[in-house]
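Chain A is the first sequence line, chain B the second, and so forth, proteins listed ahead of strands; every chain is numbered from 1. Reckoned from all heavy atoms, side chains included, excluding hydrogens, waters and symmetry mates.
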There are 2 protein chains.
Amino acid sequence: MSVSASRNVSNRRIVARTTELPEQVDLRRARGRILVAALHLFADQGYGGTSVRDICGRAGVQPTTMYAHFPSKEDVLAELLRIGHEELYRRLRSALLDVEPDPRVRLEALVRAHVHSHCEFPMLAVVANAELHALSEHKSESILAVRQQSESLLVDVLERGVQCGQFKVADMLLTLRAISAIGTRVAFWYGPDCGRTPEQIADTFAAFAASIVGLPPRSG
Amino acid sequence: MSVSASRNVSNRRIVARTTELPEQVDLRRARGRILVAALHLFADQGYGGTSVRDICGRAGVQPTTMYAHFPSKEDVLAELLRIGHEELYRRLRSALLDVEPDPRVRLEALVRAHVHSHCEFPMLAVVANAELHALSEHKSESILAVRQQSESLLVDVLERGVQCGQFKVADMLLTLRAISAIGTRVAFWYGPDCGRTPEQIADTFAAFAASIVGLPPRSG
DNA sequence: GTCTATAGTCTGATAGAC
DNA sequence: GTCTATCAGACTATAGAC
């Protein structure tokens, strides 16, 4: 597939249409339908651009039903952000448990898990990244803590690689920001029609991360 | 400066407070004050989270005055998006004109210009990247065309580097997405207190881009 | 160009029946 | 848990004076 054919020429900020939620959410029940509807609309239109009636209309319930499950519209967002951040952290940590303690292998595992998570749950990732600001400071505290934990996983791997003399990292913060950015943006442009499988993207971006920390390309 | 000390632990989606606009905007006139006020608020709260009263209150004018200068709130956003996208394109193209036609030099020049533009006008970049979806499809057409032009500058440099045998690019789209992502995200985390100058960030990220396309580190 | 005042609609959230 | 009906306030945008 050519480059231009798969470039996003719409003004939508997310390409994918996948609305699935990672946790066991019963779509036959009102709570689950509300969460999925809100996820879709927040990803598409933003929190401020989505009304309670929009959410309830899409979920097929009345506003009263939403308020029976969530104290406010803001709490619906908070729940989505919690699910999104915790799912990513769970996957990143799990990826590290699955592999040997070699820094290169661990770096690649983190990047691959990041990519796979964002390809599988793009809307959740977009909302997590683009709508956190809509939450009050108090309600965002616990979510920010999870984000910090996820970031620390990458920092730890980078620092270990430097200690071993395996990585060349001149600036830890900038290296962290660059590698995170590559993975984060996947959620915004990935779609089933982009011509690449999540596996291919994960492979490629893991190699990019390795090259950023000064590793030579893998043979083969 | 340590990594943790400069990591953003607030839920704000932009760290910087710089609201300057690149074009000659007269802040003594209502139109300019409205644009700057809207830029600040859209960056902070999003388009949907900002009311006309918010904008006018911050600009020190009445809503009627805003409607004398712009047909609607949406047109204020459209003007900011136009300014932001055109300024970035202007800088990217200008960066290419300033350097010799060597692919490595041109790739580094593009990344450096991207970084500098986002450090200088972070709010404009955040709004351009995060609020385009709030625009109607019709009004976003011309803006998307400018974005496509900017992207094409990078694609052309990458393709030239591959033709010369200087770059190793296995997947053009993924390389484009990765290098763009690194620069784009700068607008969200850069602040004067991050402990790095725009020059340092530009140097580092230009080197990352070079390593992504398979170039060896510059000597020295 | 800027103001006061307001139209008409939509907003988040709630009362109370079942 | 879900409904109908509705509150009080905020919303975008406009009318008309100066």
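The interatomic distance linking B:Phe70 (CZ) with C:dT2 (P) rounds to 12 Å, in whole Å. Rounded to whole Å, the distance from NE2 on A:His69 to C1' on C:dT14 is 16 Å. Nucleotide C:dA13 holds its C1' atom 14 Å from the CD atom of A:Gln62, rounded to whole Å. Separating the CD1 atom of B:Ile55 from the C1' atom of D:dC11 is a distance of 12 Å, rounded to the nearest angstrom.
A donor-acceptor pair under 3.5 Å is formed between the side chain of B:Lys73 and the backbone N or O of B:Thr50.
Counting only residues at least two apart or in different chains, side-chain hydrogen bond (donor to acceptor under 3.5 Å, both in side chains) contacts with residues 125-135 of chain B comprise B:Arg13-B:Glu131.
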Expected string for nucleotides 13-18 of chain D under the B/S/- scheme (protein heavy atoms, under 4.0 Å, primed atoms plus P, OP1, OP2 as sugar-phosphate) is BBBB--
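Looking at heavy atoms from C-beta onward, B:Phe205 lies in side-chain contact with B:Val186 at the 4.5 angstrom threshold. A:Arg185 places none of its side-chain heavy atoms less than 4.5 Å from the side chain of B:Arg177. Between A:Ile179 and A:Phe208, the closest side-chain pair of non-hydrogen atoms is not below 4.5 Å.
With a 6.0 Å radius and a threshold of 12 heavy atoms from other residues, nucleotides or ligands, B:Arg160 has its CZ atom at or below the threshold.
With 3.5 Å as the limit, one finds a donor-acceptor pair spanning the side chains of A:His85 and A:Arg147.
The two residues A:His118 and A:Thr184 make their nearest non-hydrogen contact at CD2-O, 3.5 Å.
For residues 28-44 of chain B, proximity to DNA chain C is found at B:Arg29, B:Ala30, defined as any non-hydrogen atom under 4.0 angstrom from a strand atom.
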